[in-house]
Asker: 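Let me give you the structure first, and then I'll get to my questions.
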Amino acid sequence: MPQKLIIDTDPGVDDMVAILAALRAEDIDLIALTTVGGNVGIETTTANALRILARGGSPELPVHPGLAGAHTAAHVHGDDGLSGCPWPPSNHPAQPEHAVDYLARTLPNTDITLACLGPLTNIAAVLEIHPNLTNNLVLMGGGFGSYRFQAQNGIIESTGNVTPEAEFNIYSDIPAAQAVFASKLNITVIPLDISQRTLLTPQRLQQMPIDIAPILDRYTGFSRQKWGHHSGPLHDPNVIARIAEPDLYNGLRGTVTVTESGQTQLAPDPNGPHHVMLQVDAGGYLDWVTEQLQPLAGTATPTP
Ligand code: RIB
Ligand code: CA
């Protein structure tokens, strides 16, 4: 039985790949997107979510706009949030129901899984309404320092990518992250320890659909320029792959807390409420992502 999934997202180039992969993954039934301000402002992340669904052949899937964010990463994803994506605006509108109201109405007492690809602002707001939610939640965020990589321009640490100790999704709304990890949600974490190992190489880029490869090339260009490395991390699709192909990942259970500076800390505990992924079959992951996107290779970009 495919897993019912809602993706909370701030598209975002890597979010775009995650959403397109979720539309195709056979073990996933994507029922809606909720948007949050993050990589770019909430209006743009919402418009991008609609554009991505149109490109993925599911323009009718509901998109519920959510809360604004405090920071952006336009220097990584471009001012449009999709690194100069040529796709036209969708002719499907966003839903009138706010993301927080939609999630508060839809999640309780269900086995719907939540995939969180951006700041946790919406989720913390839902917990204000329903503090005892116990849904499965898989999020991209945080960093636990298990990975160091000597790039040409410096050492890449898996503790943070906004500051040395804070990752963007956590840093962008630290109180929200603290509330989510203090809740009863059953959380699986995909931190930088994973996503910095899953690098889009130039060879991998060539396997991507012809209109998506240039977007990814511009997105990874930020990492190439900053670190002098030939590739860039494909963060968010790891969340979808962990749901569809859990055997690609391995990690530790425990309790995650978030410091006032946005650092995520893990107290190992085999019976803990949080499952932090620390090992990944990076080749298997990139093969999986490439496979999910292949059906798009032959399809044209959406007509307005
Ligand atoms: O730190 C990486 C995360 O921040 C990814 O989700 C990326 O899309 C940005 O939101
Ligand atoms: Ca994201």
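Whatever order the structure lists them in is the order used to number ligands and atoms, beginning at 1.
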Asker: Atom 6 (O) of ligand 1: which protein heavy atom is closest, and how many Å away?
Answerer: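 That would be Asp236 OD1, 2.6 Å.
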Asker: Say whether Gly118, considering both its backbone and side-chain N or O atoms, lies within less than 3.5 Å of an N or O atom on ligand 1.
Answerer: no
Asker: Under 4.0 Å from a heavy atom of Asn161: give me the atoms of ligand 1 that qualify, with their elements.
Answerer: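 By the 4.0 Å cutoff, the relevant atoms are 1 (O), 2 (C).
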Asker: With a 4.5 Å cut-off on side-chain heavy atoms, are Ile52 and Leu82 touching?
Answerer: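 Contact flag for Leu82/Ile52 side chains = yes.
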Asker: Can you tell me the N, O or S atom of Asp236 that's nearest the Ca ion (ligand 2)?
Answerer: OD2
Asker: Could you check atom 9 (C) of ligand 1 against the protein and tell me its nearest heavy-atom contact, residue, atom and distance included?
Answerer: Asn39 OD1, 3.2 Å
Asker: Do you see an N/O/S atom of Leu117, backbone or side chain, under 3.0 Å from the Ca ion (ligand 2)?
Answerer: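 So Leu117 counts as coordinating the Ca ion (ligand 2), yes.
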Asker: Under a 3.5 Å cutoff, is there a donor and acceptor pairing between the side chains of Gln178 and Glu260?
Answerer: yes
Asker: Below 3.0 Å, can you find an N, O or S atom of Asp14 next to the Ca ion (ligand 2)?
Answerer: no
Asker: List the steps and the verdict of ring pair (Phe, Tyr, Trp, His ring centres under 6.0 Å) for His235 and Phe168.
Answerer: CA-CA 11 Å; His235 301 287; Phe168 178 82; 9.9 Å; no
Asker: To 10 degrees, how wide is the angle OD1 (Asp10) to the Ca ion (ligand 2) to OD1 (Asp15)?
Answerer: 90°
Asker: Which atoms of ligand 1 sit under 4.0 Å from any heavy atom of Met140?
Answerer: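 Per the distance check, 2 (C), 3 (C), 5 (C), 6 (O).
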Asker: Closer than 4.0 Å to some heavy atom of His235 - which atoms of ligand 1 meet that?
Answerer: 2 (C)
Asker: Please check if atom CD in Glu128 has more than 12 non-hydrogen atoms from other residues, nucleotides or ligands closer than 6.0 Å.
Answerer: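 No.
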Asker: Would a single hydrophobic cluster contain both Val36 and Val76, if residues Ile, Leu, Val, Met, Phe, Trp and Tyr are joined by side-chain heavy-atom contacts under 4.5 Å?
Answerer: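 No, because Val76 and Val36 fall into different hydrophobic clusters, even though each may have its own neighbours under 4.5 Å.
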Asker: Scan Thr9, Ile240, Val239, Ile194 and name whichever one has a side-chain contact (heavy atoms from CB on, under 4.5 Å) with Met140.
Answerer: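 Only one of Thr9, Ile240, Val239, Ile194 forms a side-chain contact (heavy atoms from CB on, under 4.5 Å) with Met140, namely Val239.
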Asker: Please identify which atoms of ligand 1 are closer than 4.0 Å to at least one heavy atom of Asp10.
Answerer: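 Counting atoms of ligand 1 from 1, those under 4.0 Å from Asp10 are 10 (O).
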Asker: Would one find an N or O of Asp14, backbone or side chain, under 3.5 Å from an N or O of ligand 1?
Answerer: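 Yes; at least one N/O pair falls below 3.5 Å.
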Asker: For atom 2 (C) of ligand 1, what's the nearest protein heavy atom and its distance?
Answerer: Glu167 OE2, 3.4 Å
Asker: Knowing that exactly one of Val40, Thr35, Asn169 qualifies, which makes a side-chain contact (heavy atoms from CB on, under 4.5 Å) with Asp10?
Answerer: Asn169
Asker: Of the side chain and backbone of Leu117, name the one, both, or neither that has a heavy atom under 4.0 Å from an atom of ligand 1.
Answerer: backbone
Asker: Which one of Leu30, Leu107, Thr113 satisfies the side-chain contact (heavy atoms from CB on, under 4.5 Å) criterion with Ile6?
Answerer: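 Exactly one candidate clears the test, Leu107.
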Asker: Under a 3.5 Å distance rule, please check whether Asp14 uses its side chain to pair with a backbone N or O of Asp236 as donor and acceptor.
Answerer: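 Between the backbone of Asp236 and the side chain of Asp14 there is a qualifying donor-acceptor contact (under 3.5 Å).
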